[in-house]
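Position 1 is the first residue of the sequence, and the numbers go up from there.
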Amino acid sequence: MSFFAALYAPIHRWRTMRELSSLEKDQTYDSSWDFRNMIAKATEALDRDLRGRAKEIWTEAYARFPDLAMMSEAALDLMLRLGLHADAEALLNRAVKRYPNSVRSLEGLARLAFDRRDWAVAEQSAAVLRKKFPQSLKGYWIGAASLSELGRFEAAEATLARGLRVAPNDLILRVESAKLAERREAWDEALKRWTYVHETIRHPVGTIGLATTLSRLGHYDDADALIASVLHRSGNDLGIWIASAQVAEHKQDWEAAANRWGIVRNRFPLASIGYTGSLKSMQMLARPEEAEAIIKEGTDRVPDNVGLFIEHARMAQRGGDWATAVQRWARVRERFPTCQEAYAGEADALEALHRVAEAAAVRAMSPARPP
């Protein structure tokens, strides 16, 4: 090796390593972008009630990018919405082992327990989270919400108060505080807290909560006026229109409720609640044919939503039309083979028709409940 070659060899190695490092960063960036894009697509599908498509995209994303999934809050959101609790638990436990000082994994475990409605475990996990990471707001709202569900209202209020000292205008903490007042049936306090969210944080959830509380207190006109006042800026928010329909229901103005649920369906044709929410007013107005047409429209528009097909089958069953119920439950079972309710519903309908052997066969095919 010449003198100059020996002199420049370290520089050449440094340049090569820098180029490799840059390439790895580009690949990491590309992988991260691809992963985030897939999670966004899956979330969009789920927002449209296309659960099957959302699960397909998630399965592919997890297979391709398991390490990125481990620390992604958006991925955890998606798994919880899909009900993939066992997968989420395994992923979070891996994250805890690999990143023992990361707040995300502890937050995720608390959220998982809360989503499972295991209130005691969620409260304990939130307490650990608050102790290790006192600035993590999830430790306060998950802890308070869990304590509330356990009926420990004073402890829940104390936990929220601590959280609000850390972040006085955090939306989730303020919303949980208002919901806690509702659970205590302290409606005047709930009114005060929802008013704060509506006027200070100016988020649609505050408007919805305030309108609901006003209607619970019998102030229906005030609730309607409040909703009307925000439609110019929140008219694309599904929750606002749902709240409008529910105010009419609280007032027992079933004609108005039916009309408002119709608006929900027209504005948000892929939201299943527009179809299922309409059924109570149809029942109170004695319009079974319209109810049938509404649910049928829902199954046509949102063919991946199991809830709409279940409701379609239930309608026949409630009406004592057992032959039609058998057909509809069979359709649910064929389209959604893991839906246990479909097997039970079809078997019940078969038994009502005295087709006992067929009912037993259908029950035997039912998938086992997850542990």
field: side chain to side chain contact (heavy atoms under 4.5 Å, CB included) between Y343 and R363, intermediate numbers included
entry: CA-CA 6 Å; Y343 296 84; R363 290 191 194 279; over 6 Å; no
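- The CG atom of L50 sits 7.0 Å away from atom CG of L270, with the distance rounded to the nearest 0.5 Å.
- Nearest heavy-atom pair, A211 versus V247, reported as atom, atom and distance to 0.1 Å: O-CG2, 4.3 Å.
- Shortest non-hydrogen contact noted between L160 and A144 is CG-CB, 3.4 Å.
- Summarising the geometry, atom CG belonging to L217 is positioned 6.5 Å from atom CG belonging to D188; distances are rounded to the nearest 0.5 Å.
- Note: N169 CG to L164 CG = 9.0 Å, rounded to the nearest 0.5 Å.
- A donor-acceptor pair is defined here as one N or O able to donate and one able to accept, closer than 3.5 Å; such a pair exists between the side chain of R193 and the backbone of S177.
- Taking 4.5 Å as the limit, every side-chain heavy atom of L210 sits out of range of all side-chain heavy atoms of V197.
- The backbone N or O of G262 lies less than 3.5 Å from a partner atom in the side chain of N266, making a donor-acceptor pair.
- The structure places CG of L214 at 6.0 Å from CG of D222, a figure rounded to the nearest 0.5 Å.
- Between the side chains of E182 and W194, at least one donor N or O lies within less than 3.5 Å of an accepting N or O.
- If you chain together hydrophobic residues whose side chains sit under 4.5 Å apart, L353 and M365 fall into the same group.
- Between the side chain of R162 and the backbone N or O of Y140 there is no donor-acceptor pair closer than 3.5 Å.
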- request: Go through D77 and T43 one step at a time and tell me if the side chain to side chain contact (heavy atoms under 4.5 Å, CB included) criterion holds.
  value: CA-CA 9 Å; D77 289 341; T43 301; over 6 Å; no
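- Look at E289 and K296 and you find no salt bridge, because none of the NZ, NE, NH1 or NH2 atoms lies under 4.0 Å from a carboxylate O.
- Both M71 and Y62 are members of a single hydrophobic cluster when ILVMFWY side chains are connected at heavy-atom separations under 4.5 Å.
- Counting heavy atoms from C-beta on, the side chains of Q340 and P367 come closer than 4.5 Å.
- Residues W254 and L285 come closest through the heavy atom pair O-CD1, 3.6 Å.
- With hydrogens and angles disregarded, a donor-acceptor distance shorter than 3.5 Å links the side chain of R130 to the backbone of G139.
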- prompt: Can you list the steps and then say if R265 with S278 is a side-chain hydrogen bond (donor to acceptor under 3.5 Å, both in side chains)?
  reply: CA-CA 9 Å; R265 295 194 305 277; S278 304; 2.6 Å; yes
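- Taking the side chain as every heavy atom from C-beta outward, T212 and I208 approach each other to under 4.5 Å.
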task: Apply side-chain hydrogen bond (donor to acceptor under 3.5 Å, both in side chains) to the pair E249 and S281, showing each step before the final yes or no.
output: CA-CA 8 Å; E249 289 183 344; S281 56; 5.3 Å; no
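- Connectivity analysis of hydrophobic side chains (ILVMFWY, heavy atoms under 4.5 Å, direct or indirect) links V121 to nothing; its cluster partners are none.
- Considering E346, H312, E341, Q317 in turn, Q317 is the only one that fulfils the side chain to side chain donor-acceptor pair (under 3.5 Å) rule with W329.
- At a threshold of 4.0 Å, the pair R260-D253 does not count as salt-bridged, since none of the basic side-chain nitrogens sits closer than that to a carboxylate oxygen.
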Intermediate values then yes/no, side-chain hydrogen bond (donor to acceptor under 3.5 Å, both in side chains), R328 and T324: CA-CA 6 Å; R328 292 181 182 177; T324 301; 5.7 Å; no
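- Linking ILVMFWY residues whenever their side-chain heavy atoms come closer than 4.5 Å, directly or via other members, places F268 and I240 in the same cluster.
- Side-chain contact between V175 and I201 is absent, with no heavy atoms from C-beta onward closer than 4.5 Å.
- Linking Ile, Leu, Val, Met, Phe, Trp and Tyr whenever their side-chain heavy atoms come within less than 4.5 Å puts M70 and I39 in one cluster.
- Of the charged side-chain nitrogens involved, at least one lies within less than 4.0 Å of a carboxylate oxygen, so that E311 and R318 count as a salt-bridged pair.
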task: Check step by step if side chain to side chain contact (heavy atoms under 4.5 Å, CB included) holds for T159 and E123.
output: CA-CA 11 Å; T159 300; E123 193 278 323; over 6 Å; no
message: Using the rule given for salt bridge (charged side-chain N to carboxylate O under 4.0 Å, His left out), can you reason through R335 versus D304, listing the C-alpha separation, both sets of side-chain angles and the distance that settles it, and then say yes or no?
response: CA-CA 9 Å; R335 292 182 66 90; D304 201 31; 5.9 Å; no
task: Determine, step by step, whether W261 and Y275 satisfy the ring pair (Phe, Tyr, Trp, His ring centres under 6.0 Å) criterion, reporting the C-alpha distance in whole Å, the side-chain angles of both residues, the deciding distance to 0.1 Å, and the verdict.
output: CA-CA 8 Å; W261 281 118; Y275 304 97; over 10 Å; no
field: CA sep, side-chain torsions, deciding dist, call: E255, R287, salt bridge (charged side-chain N to carboxylate O under 4.0 Å, His left out)
entry: CA-CA 11 Å; E255 194 67 50; R287 298 177 184 172; 2.9 Å; yes
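- With salt bridges taken as basic N to acidic carboxylate O contacts below 4.0 Å, none links R81 and D115.
- Two residues are said to be in side-chain contact when any heavy atoms from C-beta on lie closer than 4.5 Å; N101 and K132 meet this criterion.
- Side-chain atoms of L180 and E189, non-hydrogen and from C-beta on, never get closer than 4.5 Å to each other.
- The shortest non-hydrogen separation linking L129 to K138 is CD2-C, 4.1 Å.
- The number of heavy atoms from other shown groups lying within 6.0 Å of CZ (R202) does not exceed 12.
- Contact detail for I142 and A122: the closest heavy-atom pair is CG2-O, 4.1 Å.
- Counting heavy atoms from C-beta on, the side chains of R152 and E157 never come closer than 4.5 Å.
- Of the possible donor and acceptor atoms, none in the side chain of E89 sits under 3.5 Å from a partner among the backbone N and O of L112.
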field: Derivation of the side chain to side chain contact (heavy atoms under 4.5 Å, CB included) call for E56 and R51
entry: CA-CA 9 Å; E56 287 176 6; R51 295 184 65 83; over 6 Å; no
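- Note: the hydrophobic cluster containing I57 also contains L46 (ILVMFWY, side chain heavy atoms under 4.5 Å, direct or indirect links).
- Relative to the six-membered ring of F153, R183 misses at least one condition, a distance below 6.0 Å or an angle of at most 45° to the axis.
- A salt bridge is defined here as a Lys NZ or Arg NE, NH1 or NH2 lying under 4.0 Å from an Asp or Glu carboxylate O, and R184 with E154 fails to meet this definition.
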- request: Walk me through it: do D237 and S234 pass the test side-chain hydrogen bond (donor to acceptor under 3.5 Å, both in side chains)?
  value: CA-CA 5 Å; D237 190 293; S234 301; over 6 Å; no
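- Taking each heavy atom of I227 and A243 in turn, the nearest pair found is CD1-C, 3.9 Å.
- Salt bridge absent: E44 and R53 never bring a charged side-chain N and a carboxylate O closer than 4.0 Å.
- Using a cut-off of 4.0 Å between Lys/Arg side-chain N and Asp/Glu carboxylate O, E297 and R301 are scored as salt-bridged.
- Contact annotation: the side chain of H198 approaches that of V230 to within less than 4.5 Å [non-hydrogen atoms, C-beta and beyond].
- Counting non-hydrogen atoms of other residues, nucleotides and ligands closer than 6.0 Å to CG of D67 gives a total above 12.
- No donor-acceptor contact under 3.5 angstrom links the side chains of Q246 and S215, judged on distance only.
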